[in-house]
Amino acid sequence: MNKKFILLSQVFMTFMMAASMSGLMSLFHSGLTMEWLAAWPLQFLIAWPIAFCLTMAAWPAAMKLAGATLRARSTSAAAPSEG
């Protein structure tokens, strides 16, 4: 994957996740009220850059963990069983 693709996918992913999570968590906290509807946009604007920064750090770590997990599984699956 090229860097532009990765960056753009992070922008889209963090937008969707920040919008849904800030909306849902504040909805669970305050209920479906006009105050919730008025507060959600600000919570989203705060959550999005935080989510973007955290994802830029967490995504490479998640990729490494997934790679290590799959390598470990494929190595153990390829090993002959004792018996």
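For clarity, every value in this text was computed on a predicted model and none was experimentally measured.
- A donor-acceptor pair is defined here as one N or O able to donate and one able to accept, closer than 3.5 Å; such a pair exists between the side chain of Trp36 and the backbone of Gly23.
- Using a 4.5 Å cut-off between side-chain heavy atoms of Ile, Leu, Val, Met, Phe, Trp and Tyr, with links allowed through other members, Val11 and Phe5 fall into different hydrophobic clusters.
- Considering all non-hydrogen atoms of both residues, Ser22 and Ala18 come closest at OG-O, 2.6 Å.
- The distance from the OG atom of Ser20 to the CG atom of Leu27 is 12.0 Å, given to the nearest 0.5 Å.
- To the nearest 0.5 angstrom, Lys3 atom NZ is 13.5 Å from Gln10 atom CD.
- One hydrophobic cluster holds both Trp40 and Met16 under the rule that ILVMFWY side chains link at heavy-atom gaps under 4.5 Å.
- Criterion: ILVMFWY side-chain heavy atoms under 4.5 Å apart, direct or through other members. Under it, Met34 and Leu42 are not part of a common hydrophobic cluster.
- Tracing side-chain contacts under 4.5 Å through hydrophobic residues (I, L, V, M, F, W, Y), one never reaches Leu65 starting from Ile6; they form parts of separate clusters.
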Please table the atom pairs, donor to acceptor, closer than 3.5 Å between any side-chain atom in residues 45-58 and protein atoms at least two apart or in another chain.
{"residue": "Trp48", "atom": "NE1", "partner": "Thr14", "partner atom": "OG1", "Å": "3.0"}
{"residue": "Thr55", "atom": "OG1", "partner": "Ala51", "partner atom": "O", "Å": "2.6"}

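- To the nearest 0.5 Å, atom OG of residue Ser26 and atom CE of residue Met21 are 10.5 Å apart.
- More than 12 heavy atoms of other residues, nucleotides or ligands shown are found within 6.0 angstrom of CE on Met13.
- A continuous path of ILVMFWY side-chain contacts below 4.5 Å connects Leu24 to Met17, so both sit in one hydrophobic cluster.
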